[in-house]
> 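Questions regarding the structure given below will be posed in turn.
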Amino acid sequence: MSGTTRAYNSPLREEKARRTREAILAALYALMNEANAPDEIGMEAIAQEAGVERRTIFRHFATRDELLCAFWPWLNAKIGASPAPHSVRDVVDGPREAFPRFDAHEAAMRAALHSRTGREMRMNTVTGRRALFAGALEPVLSQLPPAKACKVEALAHLLYSASAWEVFKDYGGLTGAQAGETASWALELILSAVDPGHAKADIPSQTKEKKR
């Protein structure tokens with residue numbers, strides 16, 4: 001009987017845990033979206049916003065760093081921006097698809113870019129991001145000398161990033177959509193220049209396809 005009860009209750013507990021975890025992440029998002037000083041957001045404030053006890057947060061995230069590590073992928077998923085390119089096309093089209101969505105979450109995005117808390121979140125994802133970009137760009141990078149491949153990969157990281165979105169908006173006066181088109185266009189030019197044959201065959205831009 002006890003085994004049956006545990007099996008029956010387990011999905012309910014799992015769903016409750018999922019909802020609580022979601023509430024905690026959503027609370028941090030809400031606070032970052034409103035805070036003038038994101039680095040001062042404390043665990044008590046997050047707990048109050050989420051409607052849970054402070055100790056509940058630590059049942060789901062053992063440390064503040066663990067919470068921050070989980071937040072950046074969660075924010076990307078909320079925005080609908082894929083942080084996981086798997087092909088050259090994914091890298092090229094990434095800014096075009098992601099940057100307009102950043103506009104709808106501008107305050108939280110800027111808080112993530114300009115606070116220690118946000119930097120910690122992003123830096124926790126760097127190793128995985130580099131591995132994904134290296135794999136996605138491998139068909140092009142493998143044809144280049146290592147030094148040039150390193151430069152091309154670094155440019156791809158820069159152009160497909162929230163930092164590029166912000167610079168294009170603030171210094172270029174562009175909307176998110178315009179910033180995305182600009183970054184994707186730049187990536188097309190760079191990859192076409194370093195590997196013209198591959199680029200022509202495999203990374204036609206969505207803009208060009210729409211004109212056909």
Side-chain angles (χ1 to χ4, degrees), residues 65-66 68-77 79-103 105 108-209:
D65 285 345
E66 188 174 313
L68 296 179
C69 187
F71 182 80
W72 193 244
W74 178 89
L75 179 58
N76 278 322
I79 292 171
S82 172
H86 298 292
S87 67
V88 175
R89 172 75 70 84
D90 287 346
V91 173
V92 170
D93 286 338
R96 183 180 288 119
E97 295 171 357
F99 288 9
R101 296 171 180 170
F102 290 171
D103 278 2
H105 305 271
M109 293 299 299
R110 288 184 183 274
L113 286 169
H114 296 292
S115 65
R116 175 183 53 78
T117 297
R119 178 173 174 77
E120 289 173 1
M121 287 190 295
R122 297 196 313 282
M123 292 307 294
N124 280 328
T125 69
V126 165
T127 300
R129 176 181 165 90
R130 284 176 177 165
L132 286 167
F133 270 68
L137 293 170
E138 195 275 337
V140 173
L141 300 182
S142 64
Q143 308 300 316
L144 304 175
K148 182 176 284 189
C150 184
K151 294 176 183 178
V152 171
E153 186 177 344
L155 284 168
H157 280 290
L158 172 62
L159 288 166
Y160 186 2
S161 72
S163 295
W165 160 79
E166 184 181 56
V167 168
F168 281 130
K169 283 175 66 70
D170 292 351
Y171 291 89
L174 305 181
T175 65
Q178 292 169 331
E181 288 294 339
T182 301
S184 287
W185 170 70
L187 282 164
E188 290 168 2
L189 288 180
I190 292 167
L191 295 174
S192 294
V194 299
D195 190 0
H198 183 88
K200 289 179 181 178
D202 293 340
I203 57 168
S205 72
Q206 290 183 353
T207 302
K208 291 178 181 177
E209 288 177 346

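Source: prediction; values computed, not measured.
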> So, taking the atom named CG in L75 and the one named CZ in F102, what distance separates them when rounded to the nearest 0.5 Å?
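These two atoms lie 8.5 Å from each other.
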
> Let me confirm one number: the NZ-CD distance from K148 to E153, rounded to the nearest 0.5 Å.
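These two atoms lie 15.5 Å from each other.
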
> Write down the atom of F99, the atom of A164, and the distance for their closest heavy-atom approach.
CZ-CB, 4.2 Å

> Checking the side chain of S192 only, and the main-chain atoms of L189 only, is there a donor and an acceptor separated by less than 3.5 Å?
no

> Would you say the side chain of K151 lies within less than 4.5 Å of the side chain of V194, judging by non-hydrogen atoms?
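No - every pair of side-chain heavy atoms lies 4.5 Å or more apart.
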
> Would you mind reporting whether H157 and R129 have side-chain heavy atoms less than 4.5 Å apart?
yes

> When rounded to the nearest 0.5 angstrom, what is the spacing between CD in E181 and OG1 in T175?
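Here the interatomic distance stands at 9.5 Å.
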
> Taking all non-hydrogen atoms of both residues, which atom of P95 and which atom of P100 are closest, and how far apart?
O-CD, 3.9 Å

> Centres of the Y160 and F133 rings: under 6.0 Å?
yes

> Would R96 pass as a cation-pi partner of W185, given that its NZ or CZ must be under 6.0 Å from the six-membered ring centre and within 45 degrees of the axis?
no

> Calculate, to the nearest 0.5 Å, the distance between atoms CZ and NE2 belonging to R110 and H105 respectively.
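Reported value, rounded in 0.5 Å steps: 14.5 Å.
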
> Once rounded to the nearest 0.5 Å, what's the spacing between atom CZ of R89 and atom OG of S184?
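These two atoms lie 11.0 Å from each other.
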
> For Q178 and L174, work out which heavy atoms get closest and say how close.
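Nearest heavy atoms, Q178 then L174: OE1-CA, 3.4 Å.
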
> What are the two closest non-hydrogen atoms of A84 and L132, and how far apart are they?
CA-CD1, 3.7 Å

> Looking at L191, L187, L141, D93, which hits side chain to side chain contact (heavy atoms under 4.5 Å, CB included) with V88?
L191

> Nearest 0.5 Å, please: how far is CZ in R119 from CG in L68?
13.5 Å

> Work out which heavy atom in A179 is nearest to a heavy atom in W165; give both atom names and the distance.
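In this case the closest contact between A179 and W165 is CB-O, 4.4 Å.
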
> Determine the minimum heavy-atom distance between A162 and L113, stating which atoms define it.
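Nearest pair, atom of A162 first, then L113: O-CD1, 3.8 Å.
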
> Side chains of D103 and K169: closer than 4.5 Å at any heavy-atom pair?
yes

